[in-house]
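These numbers were taken from a predicted model, which means no experiment stands behind them.
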Amino acid sequence: MIVPPRKRFGPLLLIAPAAILLGVFLVLPYLNIVVMSFRMPGQGTPYGPGFTLGNYGKFFSDFFYVQQVINTLWIGFLTTFICLVLGYPVAWQLARGASTFRALGYALVLSPLLVGIVIRSYGWTILLGNNGIINRTLTGWGLIDGPLPLMYNALGIIIALVHVFLPFMILPIMSAIQGIDPSLEAAARSLGASKVTSFRRITLPLSLPGIQAGCILVFVLSLSAYVTPSLIGGLRVKTMAVTVVDALIDTFQWPFGSALALMLSVTGAIFVVIFGRLTVMKWKA
Amino acid sequence: MTEVSIEKLTKDYGQGPAVNSISIRIAEGEFISLLGPSGCGKTTTLKMIAGFEDATEGAIRFDGRDVVHVPVEKRDIGMVFQNYALFPHMTVEKNLAFGLEMRKLPKDEIRTRIAKVLDMVQLTGYSERYPRQLSGGQQQRVALARALVIEPKILLLDEPLANLDAKLREEMRVFIRDLQRRVGITTVYVTHDQAEAMTMSDRVVVMFGGRIAQIGTPSDIYERPANLEVAEFVGQVNIIRGKVGNRVVSTAFGDVPVSGDFADGAELMLALRPEAVELLPINSGATGAPAKVLSSYYSGSLVDYRLELATGAVVNVQTFPRTRFADGDQVLVHAPSDRFWPLGIVA
Amino acid sequence: MSKPFFTVYCLIIYAFLLAPIAVVVIASFNAGAFLTFPPQGLSFRWYLVFFNNEVFMRAIRTSLWIATLTMVISGIIGTMAAMFYVTHAGKLKETVRVAMLAPLLLPEVLTAISLLFFVYSVGLGTQNLVGMIVGHVLITLPFVFINVSASMESYDPAWSLAAQSLGAGRFTRFRRIMLPLIKPGVIGGCLFAFIISFDVFTISFMLKGVGMSTLPIQLFDYLRTNFTPEAAAVSTCSIVLTMAVVVISEKVLGLRIHRF
Ligand SMILES: Nc1ncnc2c1ncn2[C@@H]1O[C@H](COP(=O)(O)OP(=O)(O)OP(=O)(O)O)[C@@H](O)[C@H]1O
Ligand SMILES: [Mg+2]
C-alpha cells in the first residue's frame, strides 16, 4: 500500500506573518528606494516623471558629498576601533570574571540600551559643551584657560557614538568568550603556555566570531546614526546620515536623497564584506 | 491489549531507505525488542509505529485497524523517550496527570490512577518533586509511569536505559520486564545492547541497514543466528571453516554433521560460541583439538582464553575458572558437535 | 595586565557608560533656569513645568500607546517566526535567521526612508499610524526573534513529542508545554520590543504625521532650541518609566519564571 505523504502547511502559517511583513514592508520599500534614486528631481513635488542617472552624477561630481561619505566612514572606523579596544576587556570580565561582579557589570552594560538615544546624546551635550561639566571643571581647576572644543566636531561625535554603541560590541564578544570551553585555556596552560600566551593563542582567536559580529554591528550602526551626530555635531559637522535626512525632510529632494542614502549604504556594505573576507575563519566553516 | 502488525514498512528520508520493507507481527502482550547497530533504523521504525514519522510505504495495524492516518495524539500509545522528556515545569504529579487530562478523566479518577502508578514504580511520596529534583533512575521510572498511567494500547521505549549507569541499568531491566508482565501490555523496546534485548524480550528483531536480519526468541538469535552479522552482533563467536563431504564438515575439532543442502566440496562457515567448548589438560585422553594458550583474561566468574590451534587458527574460549591454564600451556579443546551452527557457504 | 589594574579599567568603562545618564538625572533637579553644573540648589520645579506641558504629556501618551501596540504585534509575529525557525525551518534555517535579523543589520535611516517613500507611493501616507507601527514592528521584530529563539534552544523537542504521545493536540502542546517553558524568552523579547519602540527615534521621525510626535521626537525638537532643565526632567521621567517596566515585569512575571 502506498501512503501519500501528509502535506503539512501548518508550520508555514507560523512564518507567514513575518514573511509577509518583511516582504511587503522591507523588501518592497528597498526596491522602491533603488528605483527612486533614478527618478528625475521634481519641481514642487518630491520627484518628477522619467528616469535619470543625474542623482548619482551629482553625488560624484560634487566633492562635498564624496568628502562627507569619507568623513562618515572615518567616524565609523574610529568608533568601531575604540569600541573594540574599550569593550574587549569588559566583555572578558563579564564572561570570566568573579561572579559577584558579573551580574552587576552585565546590568551596567545593558542599562544604557534601555535609555533612548536622544537622552543619551543629550547627556553628552551636557558633559561636552563649551559650558559643559568637563570644560567647567577643567577651567575651575585652572588646567585650561578657555573651553576645549569637545562638541560640534568629530571628536565629540565619536565620543558619544562610542558610548551609544559600546554595549553592541561588548555583548557579542562576551557571548563568544562564554562559548569557549575554559578547559581549552587550562589545556594550554598545562602544555606550558603563560596566562598571556594562552589568552593570545587560544581565547583571542576563538573569540574572533564575537569580535567580527560586534565590529560589523557597531560599524553599520554608527554609519547610519542620525540623532547623535545631529545633536553633538550641530550644524558645523555633518555626517552623511544627517545630510540625507535634511535633503529629504527639509528640501524634499527624494531622488537625490535616495541616491545619497544608497551610496552611503553601499560603501558601508563594501567595507563590511571586505572586513568579513579579511577575518574569515577557516576553522569555523 | 493489542496486537500490532507491521507490513512492508519503508521509510525514505530522501537518501535511500532508512527502513526497508520490514514486516513484524507482535502478539498481544508480547515484549519485542528492536536490536541493531547505530543507524540501522530502530528509532525510525519506532517513530513510525508511534506516528511521529509518516511511513513512505507500508501499513501499521493495531488489532487489524490501519493506523497510518491516525495522528500521534489519537493513537493511544505510551512512549518512553531516551532522555525521558519529563516536562521540567511540572511536578511528578502534574507530569503523570497530563495524559489523563488529555483524556478528560474526572479528577478523582486521575488521583487514584496516579497513586496506583506511583506505587507501581515505587515512587509514592515523590509526587510534589520537580524532575530536576530526581535521580536518573527515578526520572526513568516517572517516565515509565507517565506512559503507563494512561493505559495505552501499546508501550514504546527508545533506549530508555542508555543514560543510566551499569548497575542501575541491570536493575531497571528487571524492573521494566516485571512491570510489563504484570500489566500485560504489548511492548516494543529499542536498544543496541544485545544483553538488554536478550534478557527482557519474548522475541528479538535484529536489524541491519534498515532491514530485518532475523526475528526470533533470544535463544534462536543466540544459538541459531541467521547469518554471520547476527552471530557477531549478539555475542562473541568463533568462525570455524571446513569442507562439506557426505553431510559432514570436517574441522580441527572433528567431524560435525550438518543438516541442510550443502553440496559436497563446498567450504562452510560454522559458528562456535566461546562458552560452548570445554578445555581439558592435553594428556586427559579425551577427543578434541590440541592448542596452545596465547593469553588469558580473568574476570571473576569467568576466564577468557585466546588459543592457537595446530592449524594456526586462533579461537576464543570462555570457561569457569575451575582449572586455570597458564600462557604457553598446551591444552585440549573439546567442542561437542551439536554446538556448531552453520552460517553458510564461504563466498 | 595585573588584576587590580584590570578591575579599575573595567570600572572606568562602567562609569563612562553611566556618566551621561547620571548627568541628565542630576540636572533635572536643578533649581536654576539653565543647565549648570553643579546644580544651583535642588528642586522639582522642572518636573512641574514638564507635567503642565501638554505637548510633552501628549507625546508620552502617544509613545506608550505605540509601544504597547508594537509590543503585542511584534511579540506574536516574532514568537511564531522563532517557533518556525527552531522546529520547522530545516534547510531554510540560515535564510530565516538572516531575514529575521535584517531590520537590525540594515541601516535604520535607510529603512526609515524607504518605508516613508513606500507608504506614500501606496497611498497610505503618514497621517494614520499604520506606517509608524509597521516601522516599529520591523525594528523590534529581531529582538523578539533573538530572545524567543534563544530560549527555545534549550527547549527539548522531545517534550512536545511526549505531550503528543500522551494525547495532546497542537494547541494544547503549545499552551501547556512550550509556552510556559519559553516564557522567559517571550517576556524578554516583548520587553525589548516595548522599550525599543518607546525610545526609537529615526523611524518615528520619518514616519510621523504632521502635528504628531512621540516623546523622543518632542525631546529632540525641544533640544534643538532650548537649554532649560525641563528636557532633563522629561528624560528622567522617560528613564524611570522604562526602568519601571523592566522591574515590574521582572517582579510580577519573573516570580513564576524562576520557580522550576
Ligand atoms: N530526520 C531524518 N532525516 C534524514 N535522515 C534521517 C532522519 N532520521 C534518521 N535518519 C537516518 O535514518 C537512518 C536510521 O536512523 P535511526 O535514528 O532510525 O537509527 P537508530 O537505529 O535508531 O540508531 P541509534 O542506535 O544511533 O539511535 C540513519 O542512517 C539516519 O541517518
Ligand atoms: Mg535511535
Considering only heavy atoms, which portion of A:Leu264 lies under 4.5 Å from any heavy atom of chain C: side chain, backbone, both, or neither? neither

Would you mind checking which part of C:Ala231 comes under 4.5 Å of any heavy atom in chain A, side chain (CB onward), backbone (N, CA, C, O), both or neither? both

Is A:Phe275 atom CZ crowded by more than 12 heavy atoms from other residues, nucleotides or ligands, each under 6.0 Å away? yes

Under 4.5 Å heavy-atom distance to chain C, tell me which part of A:Leu166 shows up: side chain, backbone, both or neither. side chain

Residue part contacting chain C, namely of A:Val24, when any heavy atom lies under 4.5 Å: both

Chain C contact via A:Val27 - side chain, backbone, both or neither, heavy atoms under 4.5 Å: neither

Would you call the rings of C:Phe6 and A:Trp92 parallel, tilted or perpendicular, taking 30° and 60° as the class edges? perpendicular

Derivation of the side-chain hydrogen bond (donor to acceptor under 3.5 Å, both in side chains) call for C:Tyr222 and C:Glu230: CA-CA 9 Å; C:Tyr222 184 88; C:Glu230 185 182 355; 3.3 Å; yes

Side chain from CB out, backbone as N, CA, C, O: work out which of these in A:Val115 comes under 4.5 Å of a heavy atom of chain C, or both, or neither. both

Classify the ring geometry between C:Phe50 and C:Phe56 as parallel (under 30°), tilted (30 to 60°) or perpendicular (over 60°). perpendicular

Show your working on side-chain hydrogen bond (donor to acceptor under 3.5 Å, both in side chains) between A:Thr79 and A:Ser222 and close with a plain yes or no. CA-CA 7 Å; A:Thr79 305; A:Ser222 48; 4.7 Å; no

Relative to each other, are the rings of C:Phe171 and C:Phe174 parallel, tilted or perpendicular (30° and 60° limits)? tilted

Residue A:Leu248 versus chain C: region with a heavy atom under 4.5 Å: side chain

Looking only at heavy atoms and a cut-off of under 4.5 Å, which of A:Gly257, A:Ser230, A:Ala19 has the most pairs with chain C? A:Ser230

Heavy-atom proximity to chain C below 4.5 Å, by part of A:Leu217: side chain

Residue C:Phe198 versus chain A: region with a heavy atom under 4.5 Å: neither

Looking at side-chain heavy atoms only, is the closest gap between A:Asn32 and A:Leu28 below 4.5 Å? no

Under 4.5 Å heavy-atom distance to chain A, tell me which part of C:Thr111 shows up: side chain, backbone, both or neither. both

Need one label for C:Val96: side chain, backbone, both or neither, based on atoms under 4.5 Å from any heavy atom in chain A. side chain

Report the relative orientation of the aromatic rings in C:Phe16 and A:Trp124; use parallel for angles under 30°, tilted for 30 to 60°, perpendicular for over 60°. tilted

